[in-house]
Every structure is written in structure tokens, then in C-alpha cells.
Protein chains: 2
Amino acid sequence: MWELFQREKPRMLAAAAEADLSPMQAHALRMLDPEEPRPMSELAGALFCDASNVTGIVDRLEARGLVERLGAEHDRRVKALAVTPEGVQVRGRLFARMQDAPSSIAGLSAADQRALRDILRRALG
Amino acid sequence: MWELFQREKPRMLAAAAEADLSPMQAHALRMLDPEEPRPMSELAGALFCDASNVTGIVDRLEARGLVERLGAEHDRRVKALAVTPEGVQVRGRLFARMQDAPSSIAGLSAADQRALRDILRRALG
DNA sequence: TATTGTTATACTCTATAACTATA
DNA sequence: TATAGTTATAGAGTATAACAATA
């Protein structure tokens with residue numbers, strides 16, 4: 001199972017590198033929602049890392065002009081992370097690169113691919 | 001697909017933390033073969049990272065007494081990485097923790113789990 | 001000359017603890 | 001008092017370039 005992800009790791013690294021982003025920066029950008037700004041704390045949860053860590057990751061994304069720290073009206077402590085127009089473009093390219101089926105799976109029969117998709121859909125609820 | 005992996009990440013982190021290893025150190029230890037020492041370069045390939053990087057990772061594992069740099073008789077440039085008896089124990093615990101089925105998959109029907117296993121087996125060749 | 005692994009360097013990721021400003 | 005985010009710090013991961021030893 002993990003073997004499958006292991007094999008695809010180079011593709012993830014390449015996708016981030018093409019956008020000139022570190023793997024973590026790419027991951028963070030993917031986790032954000034261009035439609036709806038999310039607080040730093042939520043990003044920390046999505047990345048499974050400490051809040052202090054997110055500060056630096058967002059600093060670098062913001063310096064690149066890909067995200068923006070917005071104020072939240074209901075609570076002046078929280079900073080809502082918005083994806084800038086340029087961020088949306090980079091994010092789109094990242095998703096496009098990763099939505100291609102992993103090569104190991106692309107080699108399966110159409111029936112197997114369909115069955116796999118259905119099973120995973122049930123697994124993820 | 002990646003969503004599945006994402007959900008299991010905390011378990012991977014916890015497994016490494018329980019052994020008091022960084023995620024990368026745990027990964028490296030898993031990639032090594034207790035039966036047959038492997039050169040640094042092969043580990044770099046398995047980890048998808050630069051050789052210069054592996055030097056530090058192995059330094060820390062060696063300092064913990066989990067691996068050993070052995071000389072290779074056929075080529076005096078290469079250093080063969082052997083897993084020490086203590087390394088074998090830690091490695092065994094890591095594998096045990098990770099071989100439990102991911103919770104999303106454990107919730108599937110027996111038939112789905114069987115089908116998934118068969119499909120993945122074909123995918124991995 | 002080419003290859004294996006190390007060192008030097010610079011940057012990123014990571015958690016802990018202490019801090020600011022809000023609530 | 002408690003929470004959201006930052007800063008300071010120290011350690012770990014990362015790639016590039018230059019290097020030593022060996023092939």
C-alpha cells in the first residue's frame with residue numbers, strides 16, 4: 001500500500017520543483033481554498049504540523065505573492081489565508097500535475113481502475 | 001487517492017516518534033535490509049534524496065547504534081549499511097505499527113478489502 | 001577520467017517555550 | 001484565563017558545489 005505512494009513521490013517532488021516551491025509550500029498551497037480564506041490554525045491542522053511552523057511556510061508563500069494574510073472580522077486575532085490570483089494559477093498547475101493517474105495505476109485494466117476508484121470512494125466516505 | 005495517504009500521515013509520524021526517530025530516519029531504517037548491507041547510494045535512491053543528505057541521516061542513525069557503516073570488499077569507495085541488532089528491533093516495531101490496515105480501509109467490507117488488495121498487487125507488479 | 005561518499009554552505013522544515021494581542 | 005499567531009532557538013532535512021579516496 002505505502003509502496004504505491006513511495007513510487008509516486010518523485011512526481012510530487014517534481015511538481016513542486018517545477019513551480020519553484022518546496023514540497024511543504026506546495027502542499028500548503030494545495031490545502032488552501034481560493035474560494036474561502038482559512039485561518040492559520042486550520043492550515044496547521046491540514047499539514048499536521050505546529051502553528052509556529054506555519055508562520056514560516058506562509059511567510060515564504062506570501063513573499064512570493066501566492067497567498068495573503070487577511071484580517072477576520074469576527075475575531076481580530078485570527079488571520080485568514082487567501083490565495084492570490086497568481087497563487088490560484090500556480091495551485092491549478094500543481095493539481096493538474098497530480099491528477100494524472102500514477103503510472104502503476106495507469107497500467108491496470110479499465111475494469112480494475114474503475115473498481116479501484118469505487119472502492120477508494122467508499123473508503124474515504 | 002492522495003487523500004487516503006494524507007489521512008494516515010499522523011499514524012506514520014506517531015510510529016516514528018514512538019521510536020524516538022525523525023520521520024526521515026524511520027523511513028531510512030525501513031528501507032535498509034537487515035539481511036544484506038546496502039551502499040549509501042542505494043539508500044539515497046530509495047529515499048529520493050541527494051547523497052550528501054544521506055550522510056547526515058545515517059550519521060544520526062549510527063550515533064543511535066541502529067546502523068553501521070561497513071566496508072565493501074569489492075570496492076573500497078562504497079560503505080555498506082548494515083542494521084545492528086538493536087536496529088532490527090526498532091525496525092520490526094516500525095513495520096508492525098504500519099502494517100495495521102489504515103482506518104479508512106479497515107472500515108470496508110471484507111470483499112472490498114480483498115478486491116483492493118488484489119488490484120494493488122497487480123498495480124505494483 | 002569517472003564514481004562513492006564527505007564536507008561546507010545556505011535555506012527550509014520542525015517542535016518547544018516564551019511572547020503579544022486579542023477574547 | 002484562554003486562544004491565535006509570532007518570535008527565538010535548536011536540531012533535522014534539503015540541494016549545490018567542491019573535495020578526497022578509489023576505480
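Proteins get letters first, then strands, A, B, ... in listed order; numbering begins at 1 in each. Keep in mind that what you see is a predicted model, and the values were worked out from it rather than measured.
The phosphate of C/dA17 (OP1 or OP2) has no side-chain N or O of A/Ser52 nearer than 4.0 angstrom. The shortest distance between the side-chain N/O atoms of B/Arg60 and the OP1/OP2 oxygens of D/dG13 is below 4.0 Å. OP1 or OP2 of C/dG5 sits under 4.0 Å from a side-chain N or O of B/Ser41. Between B/Ser22 and D/dG13, a side-chain N or O to OP1/OP2 separation shorter than 4.0 Å is present. Remark: B/Arg69 is in phosphate contact with C/dT6, judged by side-chain N or O atoms under 4.0 Å from OP1 or OP2. Side-chain N/O atoms of B/Asn53 include none lying less than 4.0 angstrom from OP1 or OP2 on D/dG13.
If B/Val54 and B/Leu13 are placed on DNA chain C by their nearest nucleotide, the residue sitting closer to the 5' end is B/Val54.
Residue B/Asp50 is classed as a base contact, given a heavy-atom separation below 4.0 Å to a base. Within 4.0 Å (heavy atoms only), B/Pro39 reaches sugar-phosphate atoms of the nucleic acid but no base atom.
In this structure, the CG atom of A/Leu21 is 12 Å from the C1' atom of C/dT12, given to the nearest Å. Rounding to whole angstrom units, CD of residue B/Glu73 and P of D/dT22 are separated by 16 Å. Regarding A/Phe48, its CZ atom lies at a distance of 18 Å from the P atom of C/dC13, rounded to whole Å. One interatomic measurement links the two molecules: CG of B/Asp59 to P of C/dG5, which rounds to 13 Å at whole-angstrom precision. Between A/Arg77 atom CZ and D/dA2 atom P the separation is 13 Å, expressed in whole Å. The separation between A/Lys79 atom NZ and D/dT3 atom P is 19 Å, rounded to whole Å. Rounded to whole Å, atom P of D/dA20 lies 19 Å from atom CG of B/Asp75. Distance A/Met24 CE to C/dA15 C1': 13 Å, rounded to the nearest Å.
When each of B/Leu81, B/Asn53, B/Leu32 is paired with B/Val58, the side chain to side chain contact (heavy atoms under 4.5 Å, CB included) condition holds for B/Leu81 and for no other.
In A/Glu3, the CD atom is crowded: over 12 heavy atoms of neighbouring residues, nucleotides or ligands sit closer than 6.0 Å.
No N or O donor and acceptor, one from the side chain of A/Arg76 and one from the base of C/dT22, sit under 3.5 Å apart.
Under the 4.5 Å side-chain heavy-atom criterion for grouping Ile, Leu, Val, Met, Phe, Trp and Tyr, B/Leu66 is connected to B/Val88 within one hydrophobic cluster.
Atom CZ of residue B/Arg117 and atom CZ of residue B/Arg122 lie 10.5 Å apart, to the nearest 0.5 angstrom.
Across A/Glu8 and A/Ser104, no two heavy atoms sit closer than the pair OE2-OG, 3.5 Å.
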